[in-house]
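In what follows, a single structure is set out as structure tokens and then discussed.
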Protein chains: 2
Amino acid sequence: MENSDKIGKVDIPKKAIYRLSIYHRCLQKLHDNGVSTVSSTTLAKAAGVKPSQLRKDLAYFGQFGTRGLGYPVEILCSTIWETLGREQLQPVILVGAGNLGSALLRYHGFEKEGFEVVAAFDANPDAARSRGVTLPVFPDSDLETFIAEHSVKLAILCVPVEFAQAVVNRLVAAGIQGVLNFSPIVLEVPAKVTVNNVDLALELEHLSYFIR
Amino acid sequence: MENSDKIGKVDIPKKAIYRLSIYHRCLQKLHDNGVSTVSSTTLAKAAGVKPSQLRKDLAYFGQFGTRGLGYPVEILCSTIWETLGREQLQPVILVGAGNLGSALLRYHGFEKEGFEVVAAFDANPDAARSRGVTLPVFPDSDLETFIAEHSVKLAILCVPVEFAQAVVNRLVAAGIQGVLNFSPIVLEVPAKVTVNNVDLALELEHLSYFIR
DNA sequence: AAGTGTGAAAAGTTTCACAGCG
DNA sequence: CGCTGTGAAACTTTTCACACTT
């Protein structure tokens with residue numbers, strides 16, 4: 001159903017796109033180390049996958065390698081960057097600057113990876129600012145206007161779980177196309193909108209199952 | 001001798017175990033609302049999956065339903081809780097109380113879900129305390145002793161990416177069996193150890209691919 | 001000789017369809 | 001009758017093996 005994406009006639013597994021990000025990181029490191037060509041075996045080892053999977057994944061997007069030689073690090077690196085839609089800087093907003101939201105803003109992890117978090121929204125902006133958020137914090141009533149005026153397409157959602165569905169409805173109506181959701185709830189959105197769930201407690205619970 | 005008692009975690013899809021956590025949440029909500037029985041159709045809708053998948057998932061662990069009626073909410077809820085290994089409180093340590101690590105500690109999201117974060121470790125404990133961590137913060141040299149003395153099996157890893165592999169090696173040697181890793185790196189661990197990666201930038205990058 | 005690209009096989013996961021039970 | 005439990009079918013993703021190119 002929603003586990004793949006059609007580009008032309010080829011069906012690309014969603015997991016392959018996640019791996020693309022990982023390959024990109026490895027390629028960047030190789031490039032920083034002055035490596036100009038890499039084999040599928042070497043790159044796969046760095047990315048923690050099988051060489052055959054790496055070759056298959058890259059083949060979904062084109063032919064980048066030279067037989068007998070390997071892949072050109074710099075070209076492949078920038079091609080993946082473009083494929084992931086990272087060529088133009090995407091503005092991101094964060095909605096819900098409570099405990100977790102403000103923690104993420106102070107962390108600056110998204111900025112480090114080249115995303116521009118442009119504003120935060122909260123039902124109580126003053127409280128958010130008192131939590132040490134230095135970014136502009138607006139009341140959530142400003143959401144729609146801001147999204148429209150700045151053509152924002154990505155949102156990080158950290159509101160309390162009981163408000164998550166209502167807020168995401170507003171975000172979608174305002175034009176948001178991708179949501180990074182930290183609430184432990186299955187959000188319902190139109191098919192054109194992509195939701196990625198980061199459920200910290202669920203991840204820890206999953207580990208709990210695997211320790212004897 | 002033949003033994004049908006194959007409760008080995010081998011044949012059960014990993015994804016099914018994630019869904020178990022989601023089912024548990026939905027069941028708890030139903031129980032709070034005074035519902036005592038639920039059909040696969042209703043529970044599946046709440047969890048965002050197909051009824052057939054829900055039934056298949058539950059069947060991996062036993063027979064819980066009554067034909068013609070549905071599933072007993074309370075019994076199923078506690079059975080899943082036990083299955084996930086949550087019956088006995090698991091102590092968790094957090095390693096690397098820098099920007100992200102201290103943010104997670106201030107967030108208290110794990111405690112809210114019933115995990116007991118018992119201590120934090122950092123190369124510079126004083127700096128971590130100054131970041132507002134109220135939990136005991138120990139120098140990372142104390143890791144091995146603490147893990148052994150408190151029989152800790154779960155660790156949240158938030159150290160800078162360049163130290164992640166070295167630190168996880170120490171954790172594994174000290175007896176840690178499950179790692180929730182926030183570093184953007186593929187960690188190498190023995191098969192007996194489970195690693196769950198939470199890569200925030202990667203999730204946002206993945207969204208970037210799908211908006212257009 | 002080295003290493004990619006790819007069809008085909010294998011493995012894994014989801015969905016179907018209906019038997020069987022309360 | 002309604003709804004679970006489940007074998008088999010359908011579908012997805014990974015891995016293999018080797019032809020083919022530089």
Which donor-acceptor pairs under 3.5 Å do side chains of residues 90-98 of chain A form with protein atoms, sequence neighbours excluded?
none

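- Residue A/Gly70 is the one, among A/Gly70 and A/Lys56, whose nearest nucleotide of DNA chain C lies closer to the 5' end (criterion: closest heavy atom).
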Reading nucleotides 17-22 of chain C from 5' to 3' and marking B where a protein heavy atom lies under 4.0 Å of the base, S where only the sugar-phosphate is that close, and - otherwise, the string is B-BBBS
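- Residue pairs meeting the ring-ring contact (aromatic ring centres under 6.0 Å, His included) criterion with at least one member in residues 81-108 of chain B, sequence neighbours excluded: B/His24-B/Trp81.
- The NZ-P distance, from A/Lys50 to D/dT13, rounds to 18 Å in whole Å.
- B/Phe138 and B/Phe121 have their aromatic ring centers within a separation under 6.0 angstrom.
- Whole-Å rounding puts the B/Leu43 CG to D/dC3 P distance at 14 Å.
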Report all side-chain donor-acceptor pairs from residues 191-198 of chain A shorter than 3.5 Å, counting only partners two or more places apart or in another chain.
residue  : atom : partner  : partner atom : Å
A/Asn196 : OD1  : A/Tyr18  : OH           : 2.5
A/Asn197 : OD1  : A/Asn181 : ND2          : 2.8

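- Between B/Lys15 and B/Asp57 there is no salt bridge, since no side-chain N of the basic residue sits under 4.0 Å from a carboxylate O of the acidic one.
- A cation-pi arrangement is present between B/Arg86 and B/Phe115 under the rule of less than 6.0 angstrom and at most 45 degrees off the ring axis.
- Rounded to 10°, the angle separating the first-five-pair axis and the last-five-pair axis of the helix from C/dA1-D/dT22 to C/dG22-D/dC1 equals 10°.
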Distance-only donor-acceptor pairs under 3.5 Å for side chains of residues 157-168 of chain A, two or more places apart:
residue  : atom : partner  : partner atom : Å
A/Gln165 : OE1  : A/Glu188 : N            : 2.9
A/Gln165 : NE2  : A/Asn169 : OD1          : 2.8
A/Gln165 : NE2  : A/Glu188 : O            : 3.0

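- OP1 or OP2 of D/dG5 has at least one side-chain nitrogen or oxygen of B/Tyr71 nearer than 4.0 Å.
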